[in-house]
Amino acid sequence: MATTMDLRIDLQPITAQGSTEPFAWHAGIQARPQAFHTVDAILLREDRAELEAARLDRALAAAAAAGLADAGTLLAVPVQVRAGSPDRLLGHLFRAALRHRFPLDQIVVEISADESTDRDAAAAMIHACTDRGMMIGLSDFAAGPLALGLLAHCSPRLIRLAPALVHHLEAAPARARLVEGVLRLARGMGVTVIAPVPTEETEQRAAAAAGLRHFEGTPNAAPRVRRYTRPVRRWGAPIAATRLAA
């Protein structure tokens with residue numbers, strides 16, 4: 001069984017435009033760069049379930065220690081759907097909430113809508129949460145086929161847009177129109193759409209023009225953006241030699 005490898009919880013506030021009081025928090029689960037995710041990927045299913053139980057317990061412990069239970073705010077908790085069956089994962093979540101006295105009606109079970117997500121596992125988790133009356137959130141939402149397919153399975157409480165989708169909208173009119181389309185769809189469903197808080201004035205204006213009104217993080221924090229594309233070699237350019245470490 002792998003260790004939790006410096007696993008830590010990064011609580012990020014989620015606020016509405018014009019307000020300084022968070023109405024929700026996101027329990028981001030962090031570890032040493034790359035290492036945690038690499039080990040997680042090669043673990044046996046049984047060990048992944050145990051590791052996910054540790055993640056969930058630490059998320060609820062951090063939220064309780066921060067006084068979020070008494071504040072009455074929502075808490076979005078990411079759940080790795082590949083780590084086990086929905087019943088088992090929700091069982092870990094319920095036990096962690098009971099252990100740390102965090103109300104279940106304040107918890108939003110967050111499921112990744114990234115295109116690399118296991119569609120069947122995500123759909124099964126959505127149905128399990130719906131059957132139990134749990135609120136659902138979709139993260140890494142970029143309006144791709146998988147994200148829209150998952151959205152058809154539920155009416156989530158929150159949608160967190162993929163950072164790459166909303167990064168520098170002022171320089172990407174096509175992405176801005178895509179964001180506007182997601183917002184129109186979400187408004188019709190009564191869903192709150194969240195974007196990373198803009199850090200520059202031009203980004204703030206572009207986000208407002210697109211209709212974004214709810215943001216995660218603090219303005220002075222450096223944005224973390226995952227690129228969907230990688231640099232390509234110009235046609236005919238020589239290929240640089242690759243050196244392998246001894």
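These figures come from a predicted structure and were not determined experimentally. Values reported hereafter were calculated over all heavy atoms of this structure, with side chains retained and with hydrogens, waters and symmetry mates removed.
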4.5 Å side-chain heavy-atom contact, [X] and [Y]:
X	Y	answer
F94	M134	yes
L185	L151	yes
F141	L148	yes
V193	V179	no
L11	I9	yes
L169	E203	no
D57	H92	no
P198	R205	no

Among the clusters formed by ILVMFWY side chains lying less than 4.5 Å apart, do [X] and [Y] turn up in the same one?
X	Y	value
I14	M135	yes
F102	L56	yes
L68	L158	no
M189	I159	yes
L74	V79	no

(request) Answer yes or no: is there an ion pair linking E180 with R177, defined by an N-O contact shorter than 4.0 Å? (result) no
(message) What I want to find out is whether D70 reaches R101 closely enough, with some N-O distance under 4.0 Å, to be called a salt bridge.
(response) no
[Y] backbone acceptor or donor facing [X] side chain under 3.5 Å:
X	Y	result
Q106	T73	yes
E52	Q80	yes
S112	T117	no
R175	A164	yes

(message) Is there a side-chain contact (heavy atoms from CB on, under 4.5 Å) between V77 and R55? Walk through the geometry before answering.
(response) CA-CA 10 Å; V77 181; R55 286 171 168 160; over 6 Å; no
(request) Only counting residues at least two apart or in another chain, list the ones meeting side-chain hydrogen bond (donor to acceptor under 3.5 Å, both in side chains) with T15. (result) none
(request) Considering non-hydrogen atoms only, spot the tightest contact between A123 and L150 and give its length. (result) N-CD2, 4.1 Å
(message) As a quick check of understanding, evaluate side chain to side chain donor-acceptor pair (under 3.5 Å) for S85 and D87, giving each step before the final call.
(response) CA-CA 5 Å; S85 69; D87 288 342; 5.6 Å; no
(request) Nearest 0.5 Å please: distance from the CG atom of L165 over to the NE2 atom of H167. (result) 12.0 Å
(message) According to salt bridge (Lys or Arg N to Asp or Glu O under 4.0 Å), who are the partners of R213, at least two apart in sequence or on a separate chain?
(response) none
(request) Step by step, work out the side-chain contact (heavy atoms from CB on, under 4.5 Å) result for L161 and L212. (result) CA-CA 10 Å; L161 297 178; L212 291 168; 3.9 Å; yes
